Amino acid sequence: MNVQQEGSAVESIGELARRLVAADADGWTPEGVRAMAAELGWGWGGTPDAPVLITGRPSGDARLRPVGDYEKRYADGESYVELAVPVANPAPDAAAQAAAFRAAREEVTAALGEPSIMGSHGDMGPFYDSEPLWGAPFVRWRGSPDTLELRAGTSGPELVLQPTDPAENWFWRQGHGEEHAISGFFGSNRDRANVGLGFPGGWTARSWETVVRSLGGFLGALPAETTALGIRLAMPFYGRDGRSAPLLFDVVCGDRLSIACFAPDDIGPAALGWGTVAEFPDTASVFGDDDPKWRVAAGGPGEPKGRALAEMLVATARAAGVSDPTDLIIGGEAGYVGDYHVTYYGLGLPTG
């Protein structure tokens, strides 16, 4: 058994990714997974309910997820739905976690090419797992019969090998329309690997409190997630006021989150929490010095106060005449992030 010994050279994340993509779980049956473990040179441990593969990696052993009550409705003969391999153990703060994820993403991308799917799981991961509080970014190299995902784990980034169909079946069946049915955002590119990829229906926020909750979670994690994914979002919001739908906000986030407000001065933006470039000089590089007049700098990974920002945006929208959540509209421009087409499932807001 070629279990890595302490002190020996540690296999790089890119090399590990290549070996996982080439591994054959043979339908994810108990026999197939044991054969895969032997092929990878890993020992078998843990318990029947929580089996592990002993990798010898300093970042920790790999976890297998058996098909249980939450998974069985989405599986079709598989005994396991995931093999998760920790690849780094960064400090627990958002900045360190985001940096570790980004470094791992760059290594795997160098080994396998650009991921065909990227996004955030939001606060609800596959098969109803809870996700890290700092953010839940993921990138995915979709394949058949298996898919490799780099995911934010509870202690650091993890490479997750999974049978493709159960994970996608789970995601598809969350499109039942109830509030908060799907969280996070999901982006796919035109890679041939995405042929046949299904997209679930979304849901619609039915109250302003729902918008505050969903938008607050989104904004609070956003700079950590965009930093981890290596992307920059530019997301305009328009507000239908009964006569037209003018631009209200521009949310821009790379490694830091900045928000501009275009609402009329007569609603009192300063009293609602907006400042000027004099108060937020960092926003000059994003929005310029003069127009828009009102803006806020919300900070980098782990710094934005998501709920407070969401409350400010909702109060501003309502003061500007937006009477219903369905009248707060994400600009269609936000759906294009580099080569990816992105759907913001977790916000529950229309796109137009």
Side-chain angles (χ1 to χ4, degrees), residues 16-17 19-55 57 59-87 116-117 119-132 136 138-176 178 180-184 186 193-194 196-200 345:
L16 173 62
R19 289 212 301 141
L20 288 173
V21 166
D24 181 8
D26 193 22
W28 293 81
T29 61
E31 298 77 16
V33 171
R34 283 189 175 273
M36 178 178 67
E39 176 189 354
L40 291 166
W42 295 347
W44 192 277
T47 67
D49 292 335
V52 300
L53 298 186
I54 302 167
T55 67
R57 296 181 64 85
S59 47
D61 291 325
R63 304 182 315 278
L64 279 164
R65 181 168 186 152
V67 171
D69 290 343
Y70 289 123
E71 300 85 6
K72 62 184 178 183
R73 69 195 71 177
Y74 311 107
D76 184 20
E78 297 91 352
S79 295
Y80 303 93
V81 291
E82 288 184 351
L83 169 65
V85 188
V87 295
S116 53
I117 295 169
S120 167
H121 289 303
D123 59 6
M124 185 176 71
F127 310 111
Y128 308 106
D129 258 356
S130 59
E131 295 301 290
F138 70 89
V139 288
R140 194 177 292 165
W141 288 263
R142 185 176 189 249
S144 179
D146 298 331
T147 287
L148 183 68
E149 177 173 296
L150 177 67
R151 180 186 302 171
T154 55
S155 299
E158 300 177 341
L159 278 173
V160 182
L161 186 67
Q162 55 194 352
T164 301
D165 288 346
E168 294 188 356
N169 188 17
W170 176 86
F171 186 51
W172 172 265
R173 291 172 66 177
Q174 302 318 302
H176 48 69
E178 293 299 316
H180 306 294
I182 305 176
S183 59
F186 185 91
N194 287 331
L197 178 64
F199 299 91
Y345 283 108

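All values derive from a computational prediction rather than experimental measurement.
Of the possible donor and acceptor atoms, none in the side chain of R142 sits under 3.5 Å from a partner among the backbone N and O of I117. In this structure a side-chain-to-backbone donor-acceptor pair under 3.5 Å is missing from Q174 to F171. In this structure, S183 contributes its side chain and D123 its backbone to a donor-acceptor pair below 3.5 Å.
Put simply, the side chain of V67 does not reach to within 4.5 Å of the side chain of Y74, judged on heavy atoms. With a 4.5 Å cut-off on side-chain heavy atoms, M36 and D26 do not count as touching. Between M124 and Y128 there is a side-chain heavy-atom pair separated by less than 4.5 Å. Proximity of I54 to W44: side-chain heavy atoms (C-beta onward) are nowhere separated by under 4.5 Å. Between P200 and F186 there is no side-chain heavy-atom pair separated by less than 4.5 Å. The closest side-chain heavy-atom distance from L161 to V85 is not below 4.5 Å. Between L83 and W42 there is a side-chain heavy-atom pair separated by less than 4.5 Å.
We find the CG-CG distance between D76 and N169 to be 9.0 Å, quoted to the nearest 0.5 Å. If you take CZ on R63 and CG on L53, they are separated by 11.0 Å, rounding to the nearest 0.5 Å. Note: E168 CD to T147 OG1 = 6.0 Å, rounded to the nearest 0.5 Å. Taking CG from L150 and CH2 from W141, the interatomic distance works out to 5.5 Å, rounded to the nearest 0.5 Å.
Closest non-hydrogen pair, A181 versus H176, comes out as CB-CE1, 3.3 Å. Summarising the geometry of T55 relative to D61, their closest heavy-atom pair is N-OD1, 3.0 Å, with the distance given to 0.1 Å. Scanning all heavy atoms of the two residues, the minimum distance from R140 to F138 falls at NH2-CE1, 3.6 Å. When all heavy atoms of P163 and V81 are compared, the pair lying nearest together is CD-O, 3.2 Å. When all heavy atoms of E158 and P86 are compared, the pair lying nearest together is CG-CA, 3.9 Å. Of all the heavy atoms in F127 and Y70, the pair that sits closest is O-CB, 4.2 Å.
Under a cut-off of 6.0 angstrom, the local environment of CZ in F199 is crowded, with over 12 non-hydrogen atoms contributed by other residues, nucleotides or ligands.
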- Between S144 and T164, does a side-chain hydrogen bond (donor to acceptor under 3.5 Å, both in side chains) hold up when you go through it step by step? CA-CA 6 Å; S144 179; T164 301; 6.0 Å; no
- Message: Working note: D146 + W28, criterion side-chain hydrogen bond (donor to acceptor under 3.5 Å, both in side chains); need CA distance, chi angles, decisive distance, verdict.
- Response: CA-CA 10 Å; D146 298 331; W28 293 81; 2.9 Å; yes
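The pair D129-R65 meets the salt-bridge criterion, since a charged nitrogen lies less than 4.0 angstrom from a carboxylate oxygen. E82 and R151 are joined by a salt bridge, as a carboxylate oxygen and a charged side-chain nitrogen come within less than 4.0 angstrom of each other.
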